[in-house]
There are 2 protein chains.
Amino acid sequence: MPEDLHHLIAARLRDDGQRYTSGRRRLVEALDRSGRPLTAAEVLEDGELAQSSAYRNLSVLEGCGVVHRVSGADEFGRFELAEDLTEHHHHHLICTSCGSVADVTVAEDLERSLEAAMVEVASTTGFRPDHHRLDLLGRCASCL
Amino acid sequence: MPEDLHHLIAARLRDDGQRYTSGRRRLVEALDRSGRPLTAAEVLEDGELAQSSAYRNLSVLEGCGVVHRVSGADEFGRFELAEDLTEHHHHHLICTSCGSVADVTVAEDLERSLEAAMVEVASTTGFRPDHHRLDLLGRCASCL
DNA sequence: ATTTATGCAAATCGTTTGCAAACCT
DNA sequence: AGGTTTGCAAACGATTTGCATAAAT
């Protein structure tokens, strides 16, 4: 995992009056390693820290924009590194059978259409959109 | 609420070996009335039945494709009538401040692009998409 | 009459929180 | 030392479930 990413994250935490402890680093590394959103249980297992600390740290990291909370089709919350850290805008393939969540990117022009739709909605309704969330739901390869 | 919709729902329940009881009818009517996804608590209040029955019936209705479960930005599950019953394909405006969820429709050509993206993903990855979910997250008019 | 739905209260389970000990600066 | 983070165990809250009664067919 790139060292400058660690510095970026450390800075983001510092701006929020938070420390970049070893436990938090382990969490970030687990999320970076996986390439897909992880459930709290998965993070717990991989990050080697107590469950209360895992949840608390995920909360802190979310609060300062390092981690993003993702909701799939099941009851489990999932976590991933913020897109502006990974420089990798993506969407999710959600399996309605096993609940797994995988990353996917879509065509450039679809992204542009999505942006345009957000602008349109902003002008049409009183709602001010900040970002979008596109999920494709279906069956993953192992559940077909 | 149109009578033929009730018949359609009754048929869908019957196919699943389920009955269209008065409690279930009240639930369906509450969802139809609102025009946006309702939380279990809202359904409970409006539908006038015990919470266990509300949850159980929402589950049954979901199981036979009458009701659809929606996940917003908060911890509460939300429910709406299935799109193929309302004949109204739509997406959601999710307020990240108060958690409210409103319906919205987007331009025809965006929908076509979304369909195309699903086909593309299906051919590129081992994933077989069934439907898509597009949410615009931001601030609603009352939270601006 | 038999099967299914209801309501109450208790259980479940992911997540959150209180608190004392360990940690960082 | 002063404030923060950690881990354990207990609390929390939305949702689910067991069971006896009421309703539907």
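In this text the structure is predicted, and so the values were computed from the model without any measurement. Numbered from 1 within each chain, the chains take letters A, B, ... in sequence-line order.
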**Study point:** Aromatic ring proximity B:H89/B:H132, centre distance under 6.0 Å
**Key:**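 Yes, they do, as the ring centres are separated by less than 6.0 Å.
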
Integer-rounded Å distance: [N] [atom2] and [X] [atom1]:
{"X": "B:E75", "N": "C:dC13", "atom1": "CD", "atom2": "C1'", "answer": "15 Å"}
{"X": "B:F76", "N": "D:dT16", "atom1": "CZ", "atom2": "P", "answer": "14 Å"}
{"X": "B:E42", "N": "D:dA14", "atom1": "CD", "atom2": "C1'", "answer": "14 Å"}
{"X": "A:R25", "N": "C:dC23", "atom1": "CZ", "atom2": "P", "answer": "16 Å"}
{"X": "B:Y55", "N": "C:dT12", "atom1": "OH", "atom2": "P", "answer": "18 Å"}
{"X": "B:L58", "N": "C:dT6", "atom1": "CG", "atom2": "P", "answer": "11 Å"}

Lys/Arg N to Asp/Glu carboxylate O, [X] vs [Y], below 4.0 Å:
{"X": "A:R25", "Y": "A:E29", "result": "no"}
{"X": "B:D46", "Y": "B:R33", "result": "yes"}
{"X": "B:R36", "Y": "B:E42", "result": "yes"}

Check your understanding: Within the structure shown, what part of the strands sits under 4.0 Å from B:A40 by heavy-atom distance: base, sugar-phosphate, or nothing?
Key ->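 The residue B:A40 makes sugar-phosphate contact but no base contact.
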
Exercise for review: Examine the side chains of A:E115 and A:H131 and answer whether a donor and an acceptor come within less than 3.5 Å of each other.
Suggested key: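 The criterion, which ignores hydrogens and geometry beyond distance, is not satisfied for A:H131 and A:E115.
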
Point to revise | Nucleic acid contacts - residues 4-16 of chain A versus DNA chain C, non-hydrogen atoms under 4.0 Å | key: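 By residue number: none to list.
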
Taking only N/O atoms, report every protein-nucleotides 3-7 of chain D pair under 3.5 Å with atom names and distance.
| from | atom 1 | to | atom 2 | distance (Å) |
| --- | --- | --- | --- | --- |
| D:dT5 | OP1 | A:Q18 | OE1 | 3.1 |
| D:dT5 | OP1 | A:R24 | NH1 | 3.2 |
| D:dT5 | OP1 | A:R24 | NH2 | 3.3 |
| D:dT6 | OP1 | A:T21 | OG1 | 3.0 |
| D:dT6 | OP2 | A:N57 | OD1 | 3.0 |
| D:dT6 | OP2 | A:N57 | ND2 | 3.1 |
| D:dG7 | OP2 | A:A50 | N | 3.2 |
| D:dG7 | OP2 | A:S53 | OG | 2.9 |
| D:dG7 | N7 | A:S52 | OG | 3.2 |
| D:dG7 | N7 | A:R56 | NH2 | 3.4 |
| D:dG7 | O6 | A:R56 | NH2 | 2.7 |

Practice item. Return the orientation label for the B:Y20 and B:H6 ring planes: parallel under 30°, perpendicular over 60°, tilted otherwise. Key: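 Correct class here is tilted.
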
Review point. With under 30° as parallel and over 60° as perpendicular, where do the rings of B:H90 and B:H88 fit, or are they tilted in between?
Key: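 Parallel: the ring planes of B:H90 and B:H88 meet at under 30°.
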
Practice item. Test side chain to side chain contact (heavy atoms under 4.5 Å, CB included) on B:V67 and B:L31 and set out the steps. Key: CA-CA 9 Å; B:V67 159; B:L31 291 176; 3.6 Å; yes

